[in-house]
Amino acid sequence: MLIFDQLKKGDPHLRTLTLVILTGLAVLLAGLWWVQIVSARDYQESLETQSFRTVRIPAVRGRILDRNGNVLAENRPAYNISLYLEELDRPFKNAYSNEVWEVRAELKQQSAQMEAKLGRKLNKQERKQLALTTAQKALLREKARYEVVSNVVLQVSRRLDRPLTVDPTDFERHYETRLALPYPVLRDLDATNIARFEEQSTSPLGVDLEVQSTRVYPHQTLAAHLLGSLRRDDSSAEGEEAFFSFRLPDFRGAFGIEYAFDKALRGMAGAKSVEVNNMGYRTTENVWSPAEPGSDVVLTLDLAIQQAAERALQSTPVTYTGPVRGAVVVMDVWTGDILALASSPAFNPNDALLPHLPPAELERRENEVLRPIFNRATQGSYFPGSVFKLVVGLAALDAGLDPNETFVVAPNPEMPSRGAIWVGPAHHKIRDLAPPGEYNFTRALYKSSNSYFITNGLRIGPERIVRMAQRFHLGEKIGLFTRQESSGFLPSLSRLSSGWSEGNTANLSIGQDPVMVTPLQVAVLTSAIANGGKVLWPRLVAQVEPEQASADQDPERFPPGRVRDQLGVSQRILSIVHQAMLADTEAPDGTGVGAARECPGLRICGKTGTAQIQNENNVKTGQTTWFASFAPYEKPRWAVVVMVEDGISGPSCSFVAGKIYRAILDSQRNSPRKNDTMANARLTQ
C-alpha cells in the first residue's frame, strides 16, 4: 500500500522506475510466449531432426621391443586425404537442382512433341507418365553427388600431380552407411604428397588431411614369424563398450607376439559422439571417452644376434635354388631366454596393412614348398637324425655304459671305407657314414657312428631311450600361445609293447623314426645338457610395460630360469657328453669343426645330424640337416641350434653356428647388459 500511496502523490522518479520494471516484465512474458507458443513447433522439429552417432576410436597399439630397447614394432602417423561431406551439402543440392532442371526441360520438350503429334493437350495420366518418379529423383541425387565429389577429387589429383579416381559404388556405400564420417580419398600419403597438398594456400571445398595411427615393422622381415602379423578387426575388446554406430579401422593380432599379447598391446579404445542433422551430416562431435594406449612388450630377443642369425642362415649351402628353408634358435642355457628365433623364408608383416597383396607375393605365400608364413623354428616337426644320439648316449651312460669300452664297426661290403650294421632276424643292413674300426663313446659321438649307437640302443632297449626323451619333454608342446607350435612326436611306452621291432629301435637310436622334434625343442634339450640337467621353459617375453603417460602400475615381469624338469643324471655323465661334443668341433676329423673355424678362440660343444626323408616306397625324397651346440665349454652360456631343410650336410650347418657365435661375442662386447650379472652368477655354479 505504501508504493501505491507514493504513486498517488505523483513522485515522477518512482513512476519512471515502476514503468521500467513493468516494461521488463512485459518483455520477458512476451519472450516466454514466443518460445513456448509461437516457436514450439520449430524447436520440436529441430530436436526431432538432431541425433547422435557413437564412434569407436581405436587406441594406439603398444610397441614391441628387444631386450636392449630396440624397436621391433611401433606406430607412426598415417596421413590421409579425406572429404568432409557435410561441407558439400550445398554443392550437392545445387548439382541436383541442375540435374532436375535439365531432365524436366527434356521432359517438357518431349511433352510438346507428343502434343504436336496428337493434336491435343496431354491428359492428366499422360502428363503423369512424363513426370519424374521418386526412383528417378534418387538416381539424380546419386549422380549429382558423384559428380560433385569427382570434381573435388580431380582438383586434389591436379594438386598432387597424380591420377585419383572415385569408385561410385564405394562412395555411395559410404554415403548411405557412414555419412557422419569423412570419406577417404587417398590413404597413407608420403612426405612429398603431404608437402604438395599443404603448399597451396587453400584446399578444395570439404578436403582436409586426416591423421591416423598405423603399425610399422621398421626391420621389415626381421623376426617376422615371432612378431607375427595383424588382421583387420574393429570389434570391441573385453571391457569396452560393445555398441557403436561406427568403428574406425582397427587391427588384432593374427599370430605371433601380436596375437599372444594382443590384449596388452591393443590398449582400450575410446569413443566420441557425433551430432548429425536430419540429412545425416555431421554438425558437432565430442570425445567423451579418450583412448588408452597399449602397453609395450619387451622381448628377450637381441636385435644384433637376431640379425646375425638370419644372415648366417641364408649363407647355408643347400641342394636347391631360392631362399634357404630352415631355422635357427639361440637360447641362454641358464635363463631360458630366446636371444634369436629365425625362420626362413620370411615374410614382411607390413604387408598385412595393405588393402591387397601383390599377385606375386600372394603366389609366394601360397607356395606349399616355401611356406613363408610357417614358423619352422616352432611349428616344423623334423626327424632329428644324429642329434638324437645325445639322448641315446645319455640313456646308455645312465644305464651303465662304460664310455671307454670299444666297439668294432664292421665295414660295408659295398663300400669298404664306410661301416654298416645288420639288425633283426632279417639282418637288415643299415649303412654307417663313419669308417669301420674301433669306437669308444667320444669317438662314436663326434664321428656320428650309427653302428655304435644302434648297438647300444638295442642293448639298453627302447624304453630307456623313450624315458630319457620324456625328461626333455619331447613330443609335448611348450605352450607359446602364439598359434605357432608343434608338439613333435615321441612314441609312447605303450607303443613299445605293440608291434615294435628291433628295426624300430635301430631307427629310434639314430633319430630317424619314429621321433620328430622342433628346433626350439632341440635348443631346450641342448641347454639342459649344458646347464647341468635343468630342462627350462623357454622365455620369449621379459616384461610388459604400461605406456609412459599412464604409468600408474608396475610392469608385468616374466621370471627367467623357470625349471620344467630335471634330467636326473649325474654330473659325471654330463661331463662325458660335454667332452664328446667338444671333440666334435675340435678333433681334426670331427663333423662339427666348421663352428670352431668360424669362431676361433671360443670352445664350442656340438653335434651334427642328417636325417633322411623317404616316401612310402622307401625312396629318399630329401634330408634334414642339423647342428646342435653350446658354448663356451668351460662355462656354458649359449645354445645355438641350426636346422636346414635339404641342406648339404650337418657339418655345413656347423659353419652357420660358428658365424652366430662370433656375432654373439661381438654383441656382448659392444653392448654389455646389466642383467647379464645374473647369468654370470649362475655360470659359477
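Positions are given from 1, in the same order as the sequence printed here. Only heavy atoms go into these numbers, but all of them, side chains included; no hydrogens, no water, no symmetry mates. For clarity, every value in this text was computed on a predicted model and none was experimentally measured.
- Within 6.0 Å of atom CD in Gln566, more than 12 heavy atoms from other residues, nucleotides or ligands are found, so the atom counts as buried in its surroundings.
- The two residues Tyr452 and Tyr439 have their closest heavy-atom pair at CE1-O, 3.7 Å.
- Checking each of Asp584, Val640, Val641 against Phe627 for a side chain to side chain contact (heavy atoms under 4.5 Å, CB included) leaves exactly one that passes, namely Asp584.
- Side chain of Ser386 to main chain of Lys389: no donor-acceptor pair is present (N/O by atom type, distance under 3.5 Å, no hydrogens or angles).
- With hydrogens and angles disregarded, no donor-acceptor distance shorter than 3.5 Å links the side chain of Gln571 to the backbone of Gly533.
- The shortest distance between side-chain heavy atoms of Phe383 and Thr624 does not fall below 4.5 Å.
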* Taking it one step at a time, do Glu645 and Arg376 satisfy side chain to side chain contact (heavy atoms under 4.5 Å, CB included)? -> CA-CA 10 Å; Glu645 296 178 8; Arg376 287 170 164 82; 2.9 Å; yes

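- Remark: the backbone N or O of Cys653 is not paired with any side-chain donor or acceptor of Thr316 at under 3.5 angstrom.
- The six-membered or imidazole ring of Phe347 lies near that of His225, with a centre-to-centre distance under 6.0 Å.
- Looking at Thr378 and Ile478, their side chains never come closer than 4.5 Å, going by heavy atoms from C-beta outward.
- Side-chain polar atoms of Ser451 and Ser449 form no donor-acceptor pair below 3.5 angstrom.
- In this structure, Leu72 and Ile257 have side chains that are not in contact, with every pair of non-hydrogen atoms separated by 4.5 Å or more.
- Side-chain atoms of Asn507 do not come within 3.5 Å of backbone N or O of Asn504 as any donor-acceptor pair.
- Between the side chain of Asp66 and the backbone N or O of Leu303, at least one donor-acceptor pair lies under 3.5 Å.
- Nearest heavy-atom pair across Leu341 and Leu226 is CD2-CD1, 4.0 Å.
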Item to complete: Could you check Leu394 against Leu390 for side chain to side chain contact (heavy atoms under 4.5 Å, CB included), going step by step and ending with a plain yes or no?
Response: CA-CA 6 Å; Leu394 285 170; Leu390 294 171; 5.6 Å; no

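- Listed for the Asp398 side chain is no donor-acceptor partner under 3.5 Å among the backbone atoms of Val569.
- When all heavy atoms of Phe481 and Tyr259 are compared, the pair lying nearest together is O-CD2, 3.5 Å.
- Side-chain contact between Ser654 and Glu598 is absent, with no heavy atoms from C-beta onward closer than 4.5 Å.
- Counting heavy atoms from C-beta on, the side chains of Ile529 and His578 come closer than 4.5 Å.
- Between the CD atom of Gln612 and the CD atom of Gln512 there is a distance of 6.0 Å, given to the nearest 0.5 Å.
- Atom CG of Leu508 sits about 5.0 Å away from atom CZ of Phe388, to the nearest 0.5 Å.
- Salt bridge annotation for Arg459-Glu405: present, with a cationic side-chain nitrogen under 4.0 angstrom from a carboxylate oxygen.
- Considering all non-hydrogen atoms of both residues, Leu574 and Leu567 come closest at CD2-CD1, 4.5 Å.
- One distance of note links CD1 of Ile460 with OG1 of Thr455; it measures 11.5 Å at 0.5 Å rounding.
- Taking 4.5 Å as the limit, every side-chain heavy atom of Val541 sits out of range of all side-chain heavy atoms of Val298.
- For the atom pair Tyr633 OH and Cys605 SG, the distance stands at 7.0 Å (nearest 0.5 Å).
- Shown here for Ala595 and Thr585, the closest heavy-atom pair between the two residues is CB-CG2, 4.5 Å.
- With hydrogens and angles left out, the side-chain atoms of Gln579 and Thr442 include no donor and acceptor closer than 3.5 Å.
- Here Thr526 contributes atom OG1 and Met581 contributes atom CE; the two are 6.0 Å apart, rounded to the nearest 0.5 Å.
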Residue pair Trp638, Ile660: steps toward the side chain to side chain contact (heavy atoms under 4.5 Å, CB included) verdict
CA-CA 11 Å; Trp638 310 288; Ile660 297 172; over 6 Å; no

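- In this structure, Asn440 contributes its side chain and Thr406 its backbone to no donor-acceptor pair below 3.5 Å.
- For the atom pair Gln307 CD and His219 NE2, the distance stands at 6.0 Å (nearest 0.5 Å).
- A distance-only check finds no donor-acceptor pair linking the side chain of Arg418 to the backbone of Asp432 [under 3.5 Å].
- In this structure the side chain of Val392 reaches within 4.5 angstrom of the side chain of Ile465, judged on heavy atoms.
- One N or O on the side chain of Tyr320 and one on the backbone of Arg325 form a donor-acceptor pair closer than 3.5 Å.
- For the 3.5 Å distance criterion, the side chains of Glu310 and Gln314 fail to qualify, holding no donor opposite an acceptor.
- Residues passing the side-chain contact (heavy atoms from CB on, under 4.5 Å) test with Thr300 are Arg67, Asp337, Ile338, Arg539, Ala542, sequence neighbours excluded.
- In plain terms, the two heavy atoms of Met643 and Leu313 that are nearest each other are O-CD1, 4.3 Å.
- Side-chain contact check for Thr591 and Ser448: no donor-acceptor pair (N or O, by modelled atom type) lies under 3.5 Å.
- Heavy atoms of other residues, nucleotides or ligands lying less than 6.0 angstrom from CZ of Arg495 number more than 12.
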Checklist entry - Where do Glu258 and Ile64 land on the side chain to side chain contact (heavy atoms under 4.5 Å, CB included) test, with the steps shown first? => result CA-CA 9 Å; Glu258 293 279 24; Ile64 302 178; 3.9 Å; yes

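- If you check the side chains of Tyr446 and Glu586, you find no donor sitting under 3.5 Å from an acceptor.
- Residues Leu265 and Val297 are in side-chain contact: their nearest non-hydrogen atoms beyond the backbone lie under 4.5 Å apart.
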